[in-house]
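To start, the structure under review is shown below, and the notes come after it.
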Amino acid sequence: MAKNKRQGRSAPESVVEQVDGGVAELRPDRDRPRAWTLLIDGAPQSHVDLDDPAYLDFEYQRRLGHVIDLAGGPRQPLHVVHLGGGAFTLARYVAATRPRSTQQIAEVDGPLVQLVRRVLPLDPGARIRVRSTDARAALGKIPDGWADLIVADVFSGARTPAHLTSTEFLAEVRRALKPDGWYAANLTDGPPLTYLRGQIATAAETFPELALAAEPAVLRGRRFGNAVLVGSAAPLPVAELTRRVAGDGHAGRVEHGRGLADFTGGAKAVRDADAQASPAPPPAVFG
């Protein structure tokens, strides 16, 4: 059941529908005429500006935007896989900033895909294929060495499913990447950061080069929040990523090398057999 209230022709109101993952709401941004925020059960998931798809409103998406910007030469087309679709924000960003890129999106929530396609249609000229399927199943169908970049931003409600947190999952990611390709993941955790440290240890078994970008308060375990983990078999442009992350409206910090190893401590890599979903955020996070 859907509702789409309007006050006159120029004042869009929220579009609310039941999807597989809960109640989806597309809420108009009062400050940007054709921008919308996607919420699932009240938790903000994505923000899209149809007039300016290169605009990234959410802090973690801006950090992933920096990764996209640095994953190849300026405006160089890339092969990109998005695990988790939401409102297709990052795929739109790639299409706007790297024209002629070829992209695949895996979003398990079919009704959500239909809602986003209807209310926030993709540019028909963009080379974006959307599959309503499980992220790991879709990853298994990507040819060996196809992707320049794989972005994981998968949440069931507000938690990343357990089967997308293991060494076996990341082995599939590595298989699908080009030899110098990049993996970037949006991770969420709060004190004592056990999950985040475990995810870094897990990625370290697959990728010799790692960098982690987050707000200092999150890295210090003072509050729940997002962290973007980047991995590759090739050297990462850590200095430039650090500069860009530090220049955001909410300045972040990048950990790598010895500092990241010290942050990870004695955390153990996660296997399929003992994988768990990411921690649920405290109610106050979205309150």
*asked:* Thr37 vs Leu26, test: side chain to side chain contact (heavy atoms under 4.5 Å, CB included). Steps then yes/no.
replied: CA-CA 6 Å; Thr37 298; Leu26 286 171; over 6 Å; no

Ion pair present between [X] and [Y], side-chain N to carboxylate O less than 4.0 angstrom?
| X | Y | result |
| --- | --- | --- |
| Arg98 | Asp69 | no |
| Arg27 | Glu13 | no |
| Arg136 | Glu168 | no |
| Arg62 | Glu59 | no |

*Any idea how His47 and Tyr55 line up, ring-wise: parallel (<30°), tilted (30 to 60°), or perpendicular (>60°)?*
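Aromatic pair His47/Tyr55 classed perpendicular.
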
*Pairwise salt bridge (Lys or Arg N to Asp or Glu O under 4.0 Å) hits with a residue in residues 252-262, at least two apart*: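 Listed once each, the pairs are Arg253-Glu255, Arg258-Asp262.
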
*Please name all residues satisfying side chain to side chain contact (heavy atoms under 4.5 Å, CB included) with Pro208, sequence neighbours left out, ordered by chain then number.*
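Side chain to side chain contact (heavy atoms under 4.5 Å, CB included) list for Pro208, sorted by chain: Arg174, Ala233.
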
*Does atom CZ of Arg223 have more than 12 heavy-atom neighbours from other groups under 6.0 Å away?*
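Yes - once you tally the heavy atoms of other residues, nucleotides and ligands closer than 6.0 Å, there are more than 12.
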
*Give a yes or no on whether Gln276 atom CD has more than 12 heavy-atom contacts from other residues, nucleotides or ligands under 6.0 Å away.*
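12 or below, so no.
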
*Gly198 and Val270: which non-hydrogen atoms are nearest, and at how many Å?*
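Shortest heavy-atom separation between Gly198 and Val270 comes out as O-CG2, 4.2 Å.
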
*Considering only heavy atoms from C-beta outward, does the side chain of Leu122 approach that of Arg92 to under 4.5 Å?*
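Yes; the side chains approach each other to less than 4.5 Å.
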
Side-chain polar contacts of residues 147-157 - donor-acceptor pairs under 3.5 angstrom, sequence neighbours left out - could you list them?
from: Asp148; atom 1: OD1; to: Lys178; atom 2: NZ; distance (Å): 3.1
from: Asp148; atom 1: OD2; to: His79; atom 2: N; distance (Å): 2.7
from: Asp148; atom 1: OD2; to: Lys178; atom 2: NZ; distance (Å): 3.3
from: Asp153; atom 1: OD1; to: Asn186; atom 2: ND2; distance (Å): 2.9
from: Asp153; atom 1: OD2; to: Tyr60; atom 2: OH; distance (Å): 2.9

*Would Leu187 end up clustered with Val218 when hydrophobic side chains under 4.5 Å apart are linked, directly or stepwise?*
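In one cluster: no.
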
